[in-house]
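Report on the following structure.
One-based numbering, in listed order, for ligands and for the atoms of each.
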Amino acid sequence: MKRIFEVAPWNVVTHKLDKENKRLQESLTSLGNGYMGMRGNFEEDYSGDSLPGSYLAGVWYPDKTRVGWWKNGYPEYFGKVINAVNFIKMNFLINGSKLDLYTDKISDFTLDLDMKNALLKRSFIVEKDGVKVKFNFERFLSVAQKELSVQKVSFENLSDDSVEVKVISSLDANVKNEDANYDEHFWEVLEITDNSIIAKTKPNDFGTPRFTSGMQVGYVTGLKEVDQTVDKLETSKTFVADLKAHEVGTIEKRVAVVTSRDYETIDDLRDAMEGIAAKVSGVSYEDLLNAHENVWDNRWSQSDIKIDGDTDAQQGMRFNLFGLFTTYSGEDSRLNIGPKGFTGEKYGGATYWDTEAFCIPVYLGVSQPEVSRNLLMYRYNQLKGAYINAERQGLKGALYPMVTFNGIECHNEWEITFEEIHRNGDIAFAIYNYTRYTGDKSFVLHEGSKMLTEMSRFWADRVHYSKRNEQYMIHGVTGPDEYENNVDNNWYTNFLARWTLKYTLQILGEVSKDQFEKLNVSKEEMDHWQDIVDKMYLPYDEDLGIFVQHDGFLDKDIQPVSSIPKDQLPINQHWSWDKILRSPYIKQGDVLQGIWDFIDDFSEREKKRNFDFYEPLTVHESSLSPAIHSVLAADLHYDQKAVALYERTARLDLDNYNNDTADGLHITSMTGGWLAMVQGFAGMRVHDDGTLSYKPFLPKKWNSYSFRQVFRGRVIEVAVKENGSEFKLVSGDPLQIQVNDKPLMLK
Ligand code: BGC
């Protein structure tokens with residue numbers, strides 16, 4: 001655990017420029033508005049270690065796969081959201097000498113991410129060649145005008161002599177991805193003027209779309225413009241301030257950022273960026289900021305969670321929600337939620353099963369149903385790609401990818417992309433989960449039924465019948481626990497495959513005649529699916545009374561995680577890969593992931609036996625792991641364990657638990673805090689008949705907690721205090737809920 005920011009309820013703030021942990025500081029001060037986002041990089045060049053990163057949602061490039069030894073079936077490219085043209089760049093010369101916080105002498109440093117207003121502030125005093133200047137930076141990515149980035153910098157001469165400060169502000173297309181397979185530049189500049197750049201992603205050999213992005217900059221400043229340079233990749237303007245003693249200079253930079261995702265032709269794109277730049281040029285900084293803050297205010301009033309008595313937990317929870325809201329706001333069904341959002345390069349900004357398994361359950365509770373529906377529509381719109389994946393494996397139907405931008409698998413780790421097929425069940429589960437939570441059947445009866453049918457076709461072809469056992473089996477898979485590959489009969493995968501077939505059959509019985517005909521499912525096909533449902537093999541151990549993670553799991557040398565010497569944790573940073581594969585250690589919930597999905601379908605005894613067996617073997621080395629275990633622990637009344645796992649999930653990045661936050665934040669696991677609190681501590685469940693119920697408890701070290709939840713056209717406020725819980729209907733129609741198995745009418 002490494003904590004480099006102070007604990008504060010609404011801010012992520014530090015007074016130390018941590019050069020050793022610069023990347024970590026950058027990750028933790030990332031900003032985003034769903035449309036674009038960036039790491040907390042400095043405006044000016046920094047000669048120390050840093051990971052530059054600004055990203056535009058949905059703007060990606062197919063980076064040709066690089067492997068030592070090619071295997072048939074490997075995806076040809078790894079799709080990645082690429083580093084955008086650097087539009088925040090501003091360098092400063094103080095009496096001709098360049099500001100560089102890595103080498104300069106500085107004092108009074110503050111770096112402050114204000115989560116309430118999604119505003120990043122930085123200030124410091126620099127002493128250079130006998131003069132002192134105090135700098136203040138502010139920036140935000142507007143949520144009121146999503147194509148707008150706003151920066152404001154002021155500098156005060158603290159010396160008695162006059163000082164010349166030059167500001168060289170640029171749009172710079174000379175950017176790369178650190179993880180580019182062939183160290184290439186992905187952008188080609190099409191047009192460059194004294195205040196704009198239009199750049200297009202390079203041609204590619206894979207037939208994937210090219211993207212164009214346009215940026216136009218405008219300034220509001222009293223400083224004198226003295227120079228401008230326009231070269232092939234960068235356009236800059238230089239401003240100068242001759243500051244007398246204690247005089248202040250200020251410059252505001254506003255950049256309109258548009259892409260070909262919204263504007264088809266270059267002319268439309270140019271018009272759009274000019275239009276936005278012109279529209280905001282007459283608006284004051286305060287008004288732009290106010291409009292942005294109002295939207296954030298609204299968001300927080302719908303979904304803030306208050307924890308009284310534990311500022312660590314409070315900060316962690318808000319940081320989680322902030323991470324989610326800055327990444328995905330749900331208006332655009334062409335977008336999804338990359339595991340690192342806009343905060344780093346790892347995972348390429350692509351879509352993973354994380355969205356359906358971990359994000360949808362939270363978005364259902366904190367936003368209107370359209371947001372989750374859009375996430376499902378994203379998959380529906382990518383069915384074509386899923387057919388291609390199945391076909392490439394020689395199988396029927398649709399196999400949704402593990403990593404993708406367009407539905408086609410784009411990651412070459414074979415044990416994940418070919419074998420971690422449980423995602424085809426997780427996506428089916430998300431359709432069910434959406435329908436159960438919202439009561440809206442229109443998706444499942446139309447688009448959803450198509451997806452379910454095609455996924456079922458895949459499962460029916462992927463299983464094989466073991467004559468010896470007279471059961472259906474699934475061999476050669478990877479379960480959610482990626483510390484085991486190529487296993488046979490992973491319980492979670494078999495269970496979800498069977499459940500998907502069962503649910504599909506149920507839905508086929510509910511769709512309209514018209515839709516049924518369109519789906520073109522024969523009686524034989526349905527009978528075969530039913531046969532698989534009836535005869536699917538699900539490994540179970542009678543003596544232990546547990547579901548077995550996969551054939552052979554129980555023959556391992558089973559020792560708890562507590563027997564591993566502390567200095568060998570995390571094992572993925574200390575052990576060889578084969579040692580990990582041989583070990584009994586579980587990266588993230590596997591059997592327990594399934595029990596969490598269907599938490600009310602298992603008996604208390606089943607849940608307890610499985611949790612008691614598997615949790616002690618779990619290293620939680622995926623950030624997605626602690627939250628679901630926290631929910632299960634709360635369900636079993638293991639309160640202390642539930643709280644410990646909550647802390648791990650909610651402060652995972654703030655405390656750098658897995659020692660990998662420098663690469664970027666774990667955005668999809670930022671759902672963990674909400675899940676642990678709402679499903680865990682408050683015991684919130686939505687049942688098949690649409691009833692909403694709670695069984696709340698208050699962690700010992702807290703005085704109280706409260707949250708708001710969106711449910712079927714209502715907003716409900718839940719407050720859990722020492723002397724009991726309160727439930728309030730904030731808006732919407734009256735509703736009867738269950739609290740500790742007793743009915744309660746909310747009016
Ligand atoms: C996890 C996967 C997850 C991926 C992206 C991996 O470490 O094991 O379950 O999909 O990260 O978050």
[atom] [closest protein heavy-atom partner, distance rounded to 0.1 Å]:
atom	value
atom 7 (O) of ligand 1	Lys587 NZ, 2.8 Å
atom 11 (O) of ligand 1	Tyr347 OH, 3.3 Å
atom 5 (C) of ligand 1	Asp354 OD2, 3.4 Å

Distance under 4.0 Å to a non-hydrogen atom of [X]: what atoms of ligand 1 satisfy this?
X	value
Trp353	2 (C), 3 (C), 9 (O), 10 (O)
Pro339	5 (C), 12 (O)
Leu624	3 (C), 9 (O)

### Task
Closest by any non-hydrogen atom to atom 2 (C) of ligand 1: pick that one out of Arg423, Glu482, Lys346.
Glu482
### Message
Is the positively charged end of Arg651 above the ring of Tyr657, judged by distance under 6.0 angstrom from the centroid and angle within 45° of the axis?
### Response
no
### Message
Check for me whether Lys579 meets the cation-pi criterion with Trp575, that is, NZ or CZ under 6.0 Å from the six-membered ring centre and within 45 degrees of the ring axis.
### Response
yes
### Message
For Lys176, I'd like to know if atom NZ has over 12 heavy atoms of other residues, nucleotides or ligands within 6.0 Å.
### Response
yes
### Task
Could you give me the CA-CA distance, side-chain angles and deciding distance for Tyr614 and Asp481, then say whether side chain to side chain donor-acceptor pair (under 3.5 Å) is met?
CA-CA 12 Å; Tyr614 286 112; Asp481 170 18; over 6 Å; no
### Task
Would you check if the side chain of Ser333 reaches a backbone N or O of Asn374 as a donor-acceptor pair within less than 3.5 Å?
no
### Message
With a 4.0 Å cut-off on N to O distance, would you call Glu178 and Arg23 a salt bridge?
### Response
yes
### Message
Nearest 0.5 Å, please: how far is CZ in Phe342 from CE in Met36?
### Response
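So the CE of Met36 and the CZ of Phe342 are separated by 9.0 Å.
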### Query
Can you tell which part of Gln588 has a heavy atom less than 4.0 Å from ligand 1: side chain, backbone, both or neither?
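The side chain, only.
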### Query
Does an N or O anywhere in Glu420 fall below 3.5 Å from an N or O of ligand 1?
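Looking only at distances, the answer is no, because the N/O contact criterion of under 3.5 Å is not met.
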